[in-house]
Amino acid sequence: MAGDNKTPLRVLITGAAGQIAYSLIPLIAKGEVFGQNQEIILHLLDIQPMLGVLNGVNMEISDCAFPLLRNVVPTASVEEAFKDIDYAFLVGAMPRREGMERKDLLKANVKIFKEQGGALDKYAKKDVRVLVVGNPANTNALICSKFAPSIPKENITAMTRLDQNRGMAQIADHIKTRVQDVRKLVIWGNHSNTQFPDTRFVEVSKDGNWVAVANVQHDAKWLKESLIPIVQKRGAEVIAARKLSSAMSAAQAAADHMKDWFHGTKKDEWVSMAVVSKGEYGVPEGLVFSFPVTVANKQWKIVPDLALDEFAREKIKITTTELEEERTEASAATAE
Ligand SMILES: NC(=O)C1=CN([C@@H]2O[C@H](COP(=O)(O)OP(=O)(O)OC[C@H]3O[C@@H](n4cnc5c(N)ncnc54)[C@H](O)[C@@H]3O)[C@@H](O)[C@H]2O)C=CC1
Ligand SMILES: O=C(O)CCC(=O)C(=O)O
């Protein structure tokens with residue numbers, strides 16, 4: 001029976017009248033994130049001028065007749081939206097248009113995340129788990145956490161799962177296998193074109209066994225060099241084609257991120273999440289940085305002791321420098 005006897009989870013989506021939310025809402029309401037026995041109360045936040053559109057979205061939610069959906073709270077009130085929430089997808093922010101870099105969004109968007117950090121601090125449950133999707137996602141998460149001092153820093157993460165999914169799909173296509181037969185692609189760093197998609201640990205399932213990608217037919221140069229710019233520039237490529245940024249795939253990645261955080265990762269599976277650094281792999285403390293993680297009991301853990309060669313170190317340095325610059329800019333913008 002839908003929901004069983006469990007208490008419903010209060011799940012917030014911000015930017016709820018926007019395009020990512022439109023694809024994300026049904027994934028959550030159908031039980032694909034928190035499970036088929038978990039009832040949900042959806043809190044949907046957007047800004048006042050979008051309330052008419054949000055009302056239309058709410059009508060469609062009703063028309064879907066989702067069995068797991070106990071209630072919907074569509075609102076432009078930050079207090080109402082963040083009140084007692086268990087999980088938050090912070091999507092609402094200005095998206096990039098053609099010709100812009102994600103960091104061009106920084107000044108406008110970090111102010112939103114300063115306000116929402118304050119709202120998490122004041123109104124959300126203290127063990128709330130947060131996924132920041134709105135760009136620049138890593139630095140927005142850092143700012144959000146800075147203004148939510150009562151929420152553990154580990155509970156505020158940012159999304160690089162779309163980059164992981166993009167890379168895994170490209171690899172599967174390249175070596176002519178199924179995407180579920182590829183694992184351990186690592187995204188290091190920023191959700192930007194400095195990110196480092198690292199293929200050195202990739203494994204492929206062959207005849208029922210996982211083997212290093214080096215042991216299957218592949219083009220080593222493509223894997224080491226070509227894949228990196230493909231993944232780094234995929235967001236811009238979609239914008240150029242659609243005249244809008246990725247939405248269906250972003251929603252799927254957000255659902256994947258939260259599902260793994262909620263249910264845990266499979267044995268020997270790594271996923272990439274941007275999480276607060278405590279200095280792992282030489283990344284400065286406090287940056288929200290994408291690492292390979294495993295998850296158990298709703299706690300992520302960075303995969304330890306991976307060897308970094310000169311190439312990897314250089315790439316990680318580039319994305320680290322960008323995140324440090326973003327942190328400086330964001331601190332200035334939120335002090336204004
Ligand atoms: N981390 C990632 O992998 C990805 C991140 N993104 C980012 O996600 C964000 C949203 O993208 P879309 O849904 O396509 O944009 P959209 O423009 O369709 O929707 C954004 C929504 O956010 C709302 N919004 C703006 N300020 C808000 C506030 N203070 N509180 C609540 N809602 C607010 C807007 O009114 C709008 O309805 C963008 O920043 C985009 O760049 C998009 C794809 C992937
Ligand atoms: O690239 C962008 O700014 C659009 C959204 C995004 O972050 C992505 O598609 O990866």
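Counting convention: from 1, in listed order, for ligands and their atoms alike.
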Quick test of your reading of the model: are R313 and E310 salt-bridged, counting only N-O distances below 4.0 Å? yes

Report, in ascending order of atom number, the atoms of ligand 1 lying under 4.0 Å from any heavy atom of S245. 14 (O)

With atom 7 (C) of ligand 1 as the reference point, say which of V78, D46, N135, L24 has the nearest heavy atom. N135

Is there a polar contact between ligand 1 and Q19, counting only N or O atoms under 3.5 Å apart? yes

Give yes if a backbone or side-chain nitrogen or oxygen of A21 is under 3.5 Å from a nitrogen or oxygen of ligand 1, and no if not. no

Options T160, T75, V133, ranked by nearest heavy atom to atom 5 (C) of ligand 1, top entry: V133

Salt bridge flag under 4.0 Å for residues E237 and K233: no

Is the F291 ring parallel, tilted or perpendicular to the F289 ring (thresholds 30°, 60°)? tilted

Backbone of R327 reached by a side-chain donor or acceptor of S331 within 3.5 Å: yes

Proximal atoms of ligand 1 relative to I112 (non-hydrogen, under 4.0 Å): 26 (N), 29 (N)

Check H191 against ligand 1 and report side chain, backbone, both or neither, counting heavy atoms closer than 4.0 Å. side chain

Side chain, backbone, both or neither: the part of V238 lying under 4.0 Å from ligand 2 by heavy atom: neither

Under the side chain to side chain donor-acceptor pair (under 3.5 Å) rule, collect the residues that match up with E154, sequence neighbours excluded. K278

Nearest option to atom 25 (C) of ligand 1, as decided by whichever heavy atom of G18, A17, A93, A16 sits closest: A93

Should the ring pair F311 and F196 be called parallel, tilted or perpendicular, given that the plane angle runs from 0 to 90° and is split at 30 and 60? perpendicular

Among M94, R166, R234, which one puts a heavy atom closest to atom 10 (O) of ligand 2? R166

Connected hydrophobic set around V73, excluding itself, where side chains approach under 4.5 Å: I41

Please could you name the atoms of ligand 2 that S246 approaches to less than 4.0 Å, counting only its heavy atoms? 9 (O)

Between E203 and R183, is the closest basic N to carboxylate O distance under 4.0 Å? yes

Check: W270 ring centre within less than 6.0 Å of F201 ring centre: yes

Taking 4.0 angstrom as the limit and counting only heavy atoms of V91, give me the atoms of ligand 1 inside it, by number and element. 8 (O), 9 (C), 10 (C)

Polar contacts were defined as any N/O atom of the residue lying under 3.5 Å from an N/O atom of the ligand; does this apply to D163 and ligand 2? no

Going by the atom numbers of ligand 1, which of them fall below 4.0 Å from some non-hydrogen atom of I20? 6 (N), 8 (O), 10 (C), 11 (O), 12 (P), 13 (O), 14 (O), 42 (C), 43 (C)

For S246 and R166, does a side-chain donor sit closer than 3.5 Å to a side-chain acceptor? yes

Below 4.0 Å from any atom of ligand 1, is there a heavy atom belonging to R161? no

Just jot down the ligand 1 atoms closer than 4.0 angstrom to any heavy atom of A250, in number order. 43 (C), 44 (C)

When you measure from the heavy atoms of A247 to every atom of ligand 1, does any distance fall below 4.0 Å? no

Could you tell me if H191 and D163 have a donor-acceptor pair between their side chains, going purely by distance under 3.5 Å? yes

Taking the six-membered ring of F262 as reference, does the cationic atom of K298 (NZ for Lys, CZ for Arg) lie under 6.0 Å from its centre and within 45° of its axis? yes

Against heavy atoms of L162, which atoms of ligand 1 measure under 4.0 Å? 3 (O), 44 (C)

Atom indices of ligand 1 within 4.0 angstrom of M50 heavy atoms, with elements: 35 (O), 37 (O)

Close N or O approach (H191, ligand 2; < 3.5 Å): yes

